Amino acid sequence: MHTPEHFRMDPTAVQSLLAGHGAGELITATARGLLATLLPFVHDAGAGPHGALLGHLARNNDQWQLPVQGEAMVVLRGPDAYVSPQSYASKAEHGRVVPTWNYVTAHVYGELVVHDDPQWTRDLVERLTRHHEGHGPTAWQVSDAPAAFLAGQLKAIVGIEVRITRIQAKAKLSQNRPAADVDGVVRDARARGDLAMAAAVEAARGSHGCDSRPRSVLIPATS
């Protein structure tokens, strides 16, 4: 992934994305070609030296059964949005502006490990449920489902773990634009109700658009 210095994410921002994302694309290279599945993942920071992403696949999905050639990759995304030149104050000054797309993403690489173990998958499903349901009085719990039904559902899935070896992360959030243009991007994002993008651009703002140091970027949680 091409990542200019001013779009690089610092470790705090990367950890925020790992903890707060909703789902990601699991991509593997196999003898049959590239395979991809969109999955909810939960980040386990304590699993190994670099942490791991935990999820599950349907048992009838070939992706877990085909040996992976090299590393697996999970693509995670934060806020993203179209940016119109109309948002920029500089459009009125000189007109030398074009549309772009703001986004936050991470390519997480690692070793794919399959867990064909009902207890492992049950622990994972409970963890995913807590992550997205929360702990309120109306939150659904895995134990709310009938035991026999739950056992059947667990037999239909296999657990997967991506043991992280490296991460490439990028937050392209108008850091290369003048301060007045950034103001316009934030204003227009708020006007259309995209508060997550507005907050992310605000957090990534540099000093008059000229500070290229990596910085913490607010990644709103999806749960």
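Positions are given from 1, in the same order as the sequence printed here. All values derive from a computational prediction rather than experimental measurement.
V42 and L154 fall into different hydrophobic clusters, where Ile, Leu, Val, Met, Phe, Trp and Tyr are joined by side-chain heavy atoms under 4.5 Å apart, directly or via other members. Residue V108 is grouped with residue L17 when hydrophobic side chains (ILVMFWY) are merged at heavy-atom distances under 4.5 angstrom, including chains of intermediate members. There is no path of hydrophobic side-chain contacts, each under 4.5 Å, that joins L54 to L39. Cluster membership check: L128 does not share its hydrophobic cluster with L18, using side-chain heavy-atom separations under 4.5 Å among Ile, Leu, Val, Met, Phe, Trp and Tyr. No single ILVMFWY cluster, assembled from side-chain heavy atoms under 4.5 Å apart, contains both M9 and V75.
No side-chain heavy atom of I157 sits less than 4.5 Å from a side-chain heavy atom of L57. In this structure the side chain of K170 reaches within 4.5 angstrom of the side chain of P4, judged on heavy atoms. Between N61 and R59, every side-chain heavy-atom pair lies at or beyond the 4.5 Å cut-off. Side-chain atoms of Q168 and T3, non-hydrogen and from C-beta on, never get closer than 4.5 Å to each other. Here the side chains of E25 and R77 are in contact, with some heavy-atom distance below 4.5 Å. Looking at V83 and W101, their side chains never come closer than 4.5 Å, going by heavy atoms from C-beta outward. Between V142 and L150, some side-chain heavy-atom pair lies under the 4.5 Å cut-off. Between S84 and P99 the shortest side-chain heavy-atom distance does not fall below 4.5 Å.
Electrostatic pairing of D80 and K172 does not count as a salt bridge here, judged by no charged N lying under 4.0 Å from a carboxylate O. Classification of E93 and K91 as a salt-bridged pair fails, no side-chain N sitting under 4.0 Å from a carboxylate O. The existence of a salt bridge linking E71 and R163 is excluded, since no basic side-chain nitrogen approaches an acidic carboxylate oxygen closer than 4.0 Å.
The CG atom of L53 sits 9.0 Å away from atom CD1 of I160, with the distance rounded to the nearest 0.5 Å. We find the OH-OH distance between Y82 and Y103 to be 16.0 Å, quoted to the nearest 0.5 Å. Remark: L112 CG to I27 CD1 distance equals 12.5 Å, nearest 0.5 Å. To the nearest 0.5 Å, the span separating CG on N102 from OG on S87 amounts to 9.5 Å. Rounding to the nearest 0.5 Å places CZ of F41 at 10.0 Å from NE2 of H56. Atoms CG and CE, on L76 and M73 in that order, are 10.5 Å from each other to the nearest 0.5 Å.
Between the side chain of S16 and the backbone N or O of T12, no donor-acceptor pair lies under 3.5 Å. Of the possible donor and acceptor atoms, one in the side chain of E133 sits under 3.5 Å from a partner among the backbone N and O of W140. Side-chain atoms of Q175 come within 3.5 Å of backbone N or O of L173 as a donor-acceptor pair. Formation of a donor-acceptor pair under 3.5 Å by the D181 side chain with backbone atoms of S90 is found in this model. Within the 3.5 Å criterion, the main-chain N or O of Y109 finds a donor-acceptor partner in the side chain of T165.
V104 and A171 get closest at one heavy-atom pair: CG2-CB, 4.1 Å. Here the shortest heavy-atom pairing between A81 and R192 reads CB-NH2, 3.3 Å. The shortest non-hydrogen separation linking L26 to A72 is CD1-CB, 4.4 Å. When all heavy atoms of I164 and H50 are compared, the pair lying nearest together is O-CB, 3.2 Å. For the residue pair A89 and A180, the shortest heavy atom distance occurs at CB-CB, 3.8 Å. Listed here is the closest heavy atom pair of S174 and V201: CB-CG1, 4.5 Å.
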Might you work through the side-chain contact (heavy atoms from CB on, under 4.5 Å) test for E126 and H131, ending with a clear yes or no?
CA-CA 9 Å; E126 289 179 342; H131 179 68; over 6 Å; no
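A cation-pi contact, defined as under 6.0 Å to the ring centre and within 45° of the axis, links R177 to Y88.
Side chains of T28 and Q63: a donor on one and an acceptor on the other come within 3.5 Å.
Using a 30° and 60° split on the angle between ring planes, H115 and W120 fall in the parallel class, below 30°.
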